[in-house]
Amino acid sequence: MDTAMDSDGPSLSIAGLLEFEEISVAGPQVIAGDARLDRAIRWVHIADSEHVELFLEGGELVLTTATAFRHRPEAMSEFLDQLERAAAAGTIIELVDEDSAFDEAASAIVREAASARDLPVVVLPHRVKFVKITEFAHRRLLAQQISQLEHAREIHETYTQLSLYRAGAQTIVDRTAELLGTPVILEDVAHRVLAHAGRGSATLAQKWAGLVTGASTEPGVEAAADWRQTPVGMRARRWGRLVVPRPAESTAALDQIIERAGEALTLTRMADRDEQDLLLQAQSGLIREITGSEGLDERSALERARSLGFTPADGVELTPVVVRIDRESDTDPTRVQLQERGLTQEIASAASRLNLCLLMTSLQSGVFGFVLGPGRGRNRRSQPSPRGTAEADDRLNRLLAELEGLAASWVVGVGRGSTSLLRAVAGLEAASHVAEVASTLDVRERAFYRSSDVRIRGLLSLLAEDSRLRAFAEGELGPLLGEPTRDDRRGDDVLPSTAYAADDGLLDFLELYLSHGGNKSAMARAGHLSRPALYSRISRLQDRLGVSLDDAESRTALHVALLWWRMYG
């Protein structure tokens, strides 16, 4: 036996050194710590001083004759105490007198001082040449260190090359499993297996969720708490972890391989994201050019788009789509940006898997759009048709279904499709208005919305900044809005951003009336009102408004005004 395993990998042990001929011929006697003879030696040190602790840093095997203190029990005990405090690997004590005879008296003192200690203590009854022992040990230790450096260099070169050549996650996991000789699993933060390699890894991947949670077990697999692992991703954006569920005994080499593999996976994902970011910038530039230039014709626009990876089949319907991420007024802008970046990348990845192509652009913080089409190899259509629109809806539904399970929430607006790229890009503006209006809906029942789904809300959204629409709404609802607050008056003029002390009770009742089309039975049930109370409120509402709610035009005008007020008032 000549090696031991510790955090530094294979190294020379005390037991291994005792087999060295220079020591073995001297008849070594282990008088303490025989259970720890496999302890690794970091270095060999010769010391005859009582104050040996001053010269040690831990892990040393101390060679000594103890000539100055081996006949004093207290000094001998203190010497061994110092070795233990300094975390020395052990000591070999040569106990011979000036005539090279075994010193029996010193041996008794050493045995008494070493009694019941865990520290390995070895006594040599014959003279040896310490210089030969140190030369042998240091040669072995230096060879080990050189071997470790060579192995570290090999690991470094392996993962550097994988990073430089943009190896995929599966390739990195494959190489890691080869180096470790054990199964390796790459999972995301939801414990979904992204890649696996090594003998038995397929079986582990199938049962992975249960193994991670402890709900199931696998023969020969340690508990999840004992797995070797490393996080993958930047500190603030961890996206997974690399796991060795069947680890060998922990070594520096194993830890180094796992850490370098994690770094390579992180760099690969970052490079992919940087490339995707550059592509998005280039595609955004083309969409801005199409939108703002009248000199770019269809053929030139398609050629430019194809150079940026947008390669739809000929003659298919292209669909303008805008995604608007939900946000509150106090939502952290940085969080919105991260959600937008993550969502655009997920959509791009999903489109690639489904053989769809995208031309994407960022519109504003938390809002981005893209033109969606089928990739080449799909059926060609030279003219748009109802069936073509249905196929476009199916494509979008399949794309959005791939995004299920993401933490962010959003709303999707869709513009009118076209076989023309120029007209499809122009449709992004309408899709953006639809997404904005759909974001105000209390209940969302669709995966995406078209203008026909938001109806009059869409029109109001388009006219939201028109002061005439505000004047119309305030004129219709004025009797229910009360007087403007005092701070909002400037002489006799009311500021455009006037705040009103609205009568929410009557506004809510008007909304109840309009939403049920004046059906009094339905209103009574929905509002939990008795018939007398219902009629009383209707009479009060009509008196306040000064109009009859039986008049269709009055109801229409009030409904439009109320919708605007709820959206922008």
> Nearest 0.5 Å, please: how far is CD1 in I133 from NE2 in H138?
11.0 Å

> Below 4.5 Å, heavy atoms only, C-beta onward: do E22 and F136 meet side chain to side chain?
no

> Show the numbers, then the answer: is there a side-chain contact (heavy atoms from CB on, under 4.5 Å) between V425 and L286?
CA-CA 10 Å; V425 169; L286 174 59; over 6 Å; no

> Can you confirm whether I93 sits close enough to R70 that some side-chain heavy atom of one is under 4.5 Å from a side-chain heavy atom of the other?
no

> So, the side chain of E340 versus the backbone of G366: is there a donor-acceptor pair under 3.5 Å, distance only?
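Pair found, side chain donor or acceptor close to backbone of G366.
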
> How many angstroms lie between CE in M360 and CD1 in I287, if you round to the nearest 0.5 Å?
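That separation rounds to 9.0 Å.
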
> Taking the side chain as every heavy atom from C-beta outward, state whether L280 and S284 have any atom pair closer than 4.5 Å.
yes

> Do V25 and E21 pass the side-chain contact (heavy atoms from CB on, under 4.5 Å) test, and can you show the C-alpha distance, the side-chain angles, and the key distance before you say yes or no?
CA-CA 6 Å; V25 297; E21 183 179 3; 3.9 Å; yes

> Minimum heavy-atom separation for V322 to A431, with atom names?
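So the minimum-distance heavy-atom pair works out to CG2-CB, 3.7 Å.
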
> Would a 4.5 Å heavy-atom cut-off, applied to side chains only, mark L179 and R175 as touching?
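Yes, side chains in contact.
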
> Rounded to the nearest 0.5 Å, what separation is found between the CG atom of L318 and the CG atom of L302?
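Rounded to the nearest 0.5 Å, the CG-CG separation comes out at 8.0 Å.
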
> Quick one: pull up NZ in K129 and CG in L63 and give me the separation to the nearest 0.5 Å.
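Here the interatomic distance stands at 15.5 Å.
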
> Tell me if a side-chain donor or acceptor on T134 pairs with a main-chain N or O of V131 at a distance below 3.5 Å.
yes

> Could you give me the CA-CA distance, side-chain angles and deciding distance for R140 and L17, then say whether side-chain contact (heavy atoms from CB on, under 4.5 Å) is met?
CA-CA 10 Å; R140 289 288 301 274; L17 189 61; over 6 Å; no

> If you draw a 6.0 Å radius around CD in Q29, do more than 12 non-hydrogen atoms from other residues or ligands fall strictly inside?
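Atom CD in Q29 is crowded, with more than 12 foreign heavy atoms closer than 6.0 Å.
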
> Say whether, by atom type as modelled, one donor and one acceptor occur between the side chain of R127 and the main chain of A26 under 3.5 angstrom.
no

> Is it true that a side-chain atom of T64 and a backbone atom of A47 form a donor plus acceptor pair closer than 3.5 Å?
yes

> Counting C-beta onward and ignoring hydrogens, is there a side-chain heavy-atom pair between L180 and I258 closer than 4.5 Å?
yes

> Once you round to the nearest 0.5 Å, how far does CZ of R260 lie from OG1 of T230?
11.5 Å

> If we ignore hydrogens and angles and just use 3.5 Å, is the side chain of R111 paired with the main-chain N or O of I31 as donor and acceptor?
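No, because the side chain of R111 does not come within donor-acceptor range (under 3.5 Å) of the backbone of I31.
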
> Say whether, by atom type as modelled, one donor and one acceptor occur between the side chain of D99 and the main chain of A101 under 3.5 angstrom.
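Side chain of D99 to backbone of A101: no pair is present.
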
> Return all side-chain donor-acceptor pairs below 3.5 angstrom for residues 82-91, not counting sequence neighbours, or 'none' if the list is empty.
{"residue": "Q82", "atom": "OE1", "partner": "V52", "partner atom": "N", "Å": "3.2"}
{"residue": "Q82", "atom": "OE1", "partner": "E53", "partner atom": "N", "Å": "2.9"}
{"residue": "Q82", "atom": "NE2", "partner": "E50", "partner atom": "O", "Å": "2.8"}
{"residue": "Q82", "atom": "NE2", "partner": "E78", "partner atom": "OE2", "Å": "3.4"}
{"residue": "E84", "atom": "OE1", "partner": "R117", "partner atom": "NH1", "Å": "2.8"}
{"residue": "R85", "atom": "NE", "partner": "E53", "partner atom": "OE2", "Å": "3.3"}
{"residue": "R85", "atom": "NH2", "partner": "E53", "partner atom": "OE1", "Å": "3.2"}
{"residue": "R85", "atom": "NH2", "partner": "E78", "partner atom": "OE2", "Å": "3.0"}
{"residue": "T91", "atom": "OG1", "partner": "V62", "partner atom": "O", "Å": "2.9"}

> Minimum heavy-atom separation for R36 and I14, please, with both atom names.
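The answer is O-CD1, 4.4 Å.
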
> Taking all non-hydrogen atoms of both residues into account, name the closest pair between A114 and A32 and its distance.
O-CB, 3.4 Å

> Under 4.5 Å between any side-chain heavy atoms of F20 and V128, yes or no?
no

> Nearest 0.5 angstrom please: D34 CG to D118 CG, how far?
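With rounding to 0.5 Å, CG (D34) is 10.0 Å from CG (D118).
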
> How close do V96 and P125 get, counting heavy atoms only, and between which atoms?
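Shortest heavy-atom separation between V96 and P125 comes out as CG1-O, 3.4 Å.
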
> Any salt bridge between R306 and E303, counting N to O under 4.0 Å?
no

> Salt bridge between R139 and E135, side-chain N to carboxylate O under 4.0 Å?
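E135 and R139: salt-bridged.
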
> With a 3.5 Å distance limit and no angle check, can you tell me whether S439 reaches the backbone of E436 through a side-chain donor-acceptor pair?
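Yes, the answer is positive, given that a donor and an acceptor are paired below the 3.5 Å cut-off.
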
> Please enumerate all residues that pass ring-ring contact (aromatic ring centres under 6.0 Å, His included) together with F79, with sequence neighbours excluded.
F69

> Check whether any side-chain N or O of D48 sits under 3.5 Å from a backbone N or O of T65 as a donor-acceptor pair, and report yes or no.
yes

> Mark yes or no for whether S307, through its side chain, and R304, through its backbone, hold a donor-acceptor pair below 3.5 Å.
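At least one qualifying donor-acceptor pair exists.
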
> Does S349 use its side chain to pair, donor to acceptor, with the backbone of E346 at less than 3.5 Å?
no

> Can you list the steps and then say if S13 with D38 is a side chain to side chain donor-acceptor pair (under 3.5 Å)?
CA-CA 5 Å; S13 68; D38 61 347; over 6 Å; no

> Is any side-chain heavy atom of L399 closer than 4.5 Å to one of F370?
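Yes, side chains in contact.
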
> Of the non-hydrogen atoms in A197 and Q170, which two are nearest, and what is the gap between them?
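Looks like CB-NE2, 4.2 Å.
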
> Set out, in order, the CA-CA distance, both residues' side-chain angles and the distance that settles side-chain contact (heavy atoms from CB on, under 4.5 Å) for E104 and D97, then state yes or no.
CA-CA 10 Å; E104 295 284 357; D97 57 22; over 6 Å; no

> Looking only at non-hydrogen atoms, find the nearest pair between F310 and L421 and report the distance.
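Minimum heavy-atom separation between F310 and L421: CE2-CD1, 3.9 Å.
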
> Please examine the side chains of E112 and P73, heavy atoms only from C-beta on, and report whether any two atoms are closer than 4.5 Å.
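In short, these two side chains do not touch, never coming nearer than 4.5 Å.
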
